[in-house]
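Following: one structure in structure tokens, then a few remarks.
Residue indices begin at 1 and follow the sequence shown. None of the values given here were measured: they were computed from a predicted structure.
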Amino acid sequence: MTPLVSVLIVEPSDIICEGLRSLLHESGRFNVLAPMHDTTSLEERLPAIRPDVLIVNPTLLSATPKQQLAAIAQMRPSMPVFALVYQYVERSLLECFSHFIDVRASRSTIISTIGDALKSSTVKTVKVETDENYELSSRETDVLVLVAKGLSSKEIADKLSISVHTVNSHRKNITHKTGIKSVAGLAVYAMIHNLM
């Protein structure tokens with residue numbers, strides 16, 4: 001017996017989540033995991049739940065979607081990531097994805113689209129653009145490494161001889177520039193970029 005394909009849906013609408021879950025479940029090929037309604041803890045949950053397919057509302061991604069998708073791709077390189085589309089989404093945001101699911105598509109089209117992506121041997125790698133505005137400063141890099149090591153803002157402030165307010169400002173800048181909100185995600189980012 002072929003194992004079921006596990007699917008994680010990240011979508012704020014319960015109606016859309018339930019409709020997609022029902023459609024996939026009835027096909028008999030998919031196991032739909034408990035949905036997430038935002039991406040705040042997505043990078044923390046992925047290593048634990050290990051979905052085979054990720055379906056995400058692209059409007060939920062951070063201010064730097066390419067970087068967020070690149071971090072996800074590093075964690076689960078063979079997992080296709082689908083943009084779930086049912087409203088207007090800027091073209092630049094859609095270009096971050098190689099796979100799409102339109103909720104207006106037929107049941108068979110949605111199932112075959114997911115099946116085709118799983119069969120495909122090539123998964124699109126997300127190119128992270130190195131825009132100057134998104135490069136971390138040396139102080140932000142120092143703070144990132146200490147955050148990744150699990151230090152609190154106060155401990156970082158003491159270690160770097162700066163105020164807690166300054167540490168928190170650096171943390172906000174790091175989150176904005178990397179698009180990663182979780183400590184676990186930042187730790188992965190630091191390892192990927194050989195900062196630790």
* Heavy-atom distance under 4.5 Å between the side chains of Val32 and Ile9, does that happen here? -> yes

* Asked: So, Glu26 and Ser22: side-chain donor and acceptor under 3.5 Å apart, yes or no?
  -> yes

* **Side-chain heavy-atom pair Ile162, Arg139 within 4.5 angstrom cut-off** => yes

* **Rounded distance (nearest 0.5 Å) linking atom CD1 of Ile174 with atom CD of Glu140** => 5.5 Å

* **Flag, side chain of Glu90 to backbone of Ser92, donor-acceptor distance under 3.5 Å** => no

* Got a donor-acceptor contact below 3.5 angstrom from the Arg76 side chain to the Pro51 backbone? -> yes

* Asked: Is there a donor-acceptor pair closer than 3.5 Å between any side-chain N or O of Ser106 and the backbone N or O of Thr109?
  -> yes

* To do: Using side-chain hydrogen bond (donor to acceptor under 3.5 Å, both in side chains) as the criterion, list what pairs up with Thr39, not counting sequence neighbours.
  => none

* **Donor on one side chain, acceptor on other, Thr141 and Ser138, under 3.5 Å** => no

* To do: Kindly indicate whether the side chain of Val143, heavy atoms from C-beta on, has any atom under 4.5 Å from the side chain of Arg171.
  => yes

* Asked: Should Phe97 and Leu61 be marked as a side chain to side chain contact (heavy atoms under 4.5 Å, CB included) after you check the CA-CA gap, both sets of side-chain angles, and the distance that decides it?
  -> CA-CA 12 Å; Phe97 293 86; Leu61 295 177; 3.6 Å; yes

* Asked: Is it true that the side chains of Ser163 and Thr166 contain a donor and an acceptor less than 3.5 Å apart?
  -> yes

* Step by step, would you call Asp52 with Val7 a side chain to side chain contact (heavy atoms under 4.5 Å, CB included)? -> CA-CA 6 Å; Asp52 299 312; Val7 179; over 6 Å; no

* What distance separates Thr113 OG1 from His99 NE2, expressed to the nearest 0.5 Å? -> 10.0 Å

* Shortest non-hydrogen contact from Leu60 to His37? -> CD1-O, 4.0 Å

* NE2 on His25 to CD on Glu18, rounded to 0.5 Å -> 10.0 Å

* Are Glu155 and Lys159 close enough, and set up right, to give a salt bridge (charged side-chain N to carboxylate O under 4.0 Å, His left out), and what steps lead you there? -> CA-CA 6 Å; Glu155 292 169 325; Lys159 191 163 185 99; over 6 Å; no

* To do: Drop me the distance from His170's NE2 to Ser137's OG, to the nearest 0.5 angstrom.
  => 6.0 Å

* Asked: Can you find a heavy atom in the side chain of Val85 that is under 4.5 Å from one in the side chain of Ile101?
  -> no

* For side chain to side chain contact (heavy atoms under 4.5 Å, CB included), just list the numbers for Lys177 and Glu135, CA-CA rounded to whole Å, side-chain angles, deciding distance to a tenth of an Å, and then say yes or no. => CA-CA 7 Å; Lys177 290 179 179 181; Glu135 289 183 14; over 6 Å; no

* Structure fact -> Taking every heavy atom of Val164 against every heavy atom of Ser153, the minimum-distance pair comes out as CG1-CB, 4.1 Å

* Asked: Do Leu54 and Phe82 have side-chain heavy atoms sitting under 4.5 Å apart?
  -> no

* Asked: Which heavy-atom pair separates Val10 from Asp38 by the least distance, and what is that distance?
  -> CG1-O, 3.5 Å

* Output the distance between atom CG (Leu42) and atom CD1 (Ile72), rounded to the nearest 0.5 Å. => 4.5 Å

* Structure fact -> For Pro80 and Leu118 the tightest heavy-atom approach is CG-CD2, 3.9 Å

* Mind checking whether Val89 and Thr59 have side chains closer than 4.5 Å, heavy atoms only? -> yes

* For residues Ala187 and Ala148, report the shortest heavy-atom separation together with the two atoms involved. => CA-CB, 3.6 Å

* Decide yes or no on side chain to side chain contact (heavy atoms under 4.5 Å, CB included) for Val167 and Leu160, but give the supporting numbers first. => CA-CA 9 Å; Val167 171; Leu160 298 178; 5.6 Å; no

* Gln67 backbone acceptor or donor facing Thr64 side chain under 3.5 Å -> no

* Write down the atom of Gln74, the atom of Pro77, and the distance for their closest heavy-atom approach. => O-CD, 3.8 Å

* Asked: Can you check whether Met36 reaches Glu11 side chain to side chain, under 4.5 Å on heavy atoms?
  -> no

* Same hydrophobic cluster for Ile111 and Leu4, using side-chain heavy-atom links shorter than 4.5 Å among ILVMFWY? -> no

* Asked: Are any non-hydrogen side-chain atoms of Ile49 and Leu8 less than 4.5 angstrom apart?
  -> yes

* **Side-chain donor-acceptor pair present, Asn31, Ser6, cut-off under 3.5 Å** => no

* Asked: Roughly how far, to the nearest 0.5 Å, is the NE2 atom of His176 from the CG atom of Leu136?
  -> 11.0 Å

* Who passes side-chain hydrogen bond (donor to acceptor under 3.5 Å, both in side chains) against Ser112, sequence neighbours left out? -> none

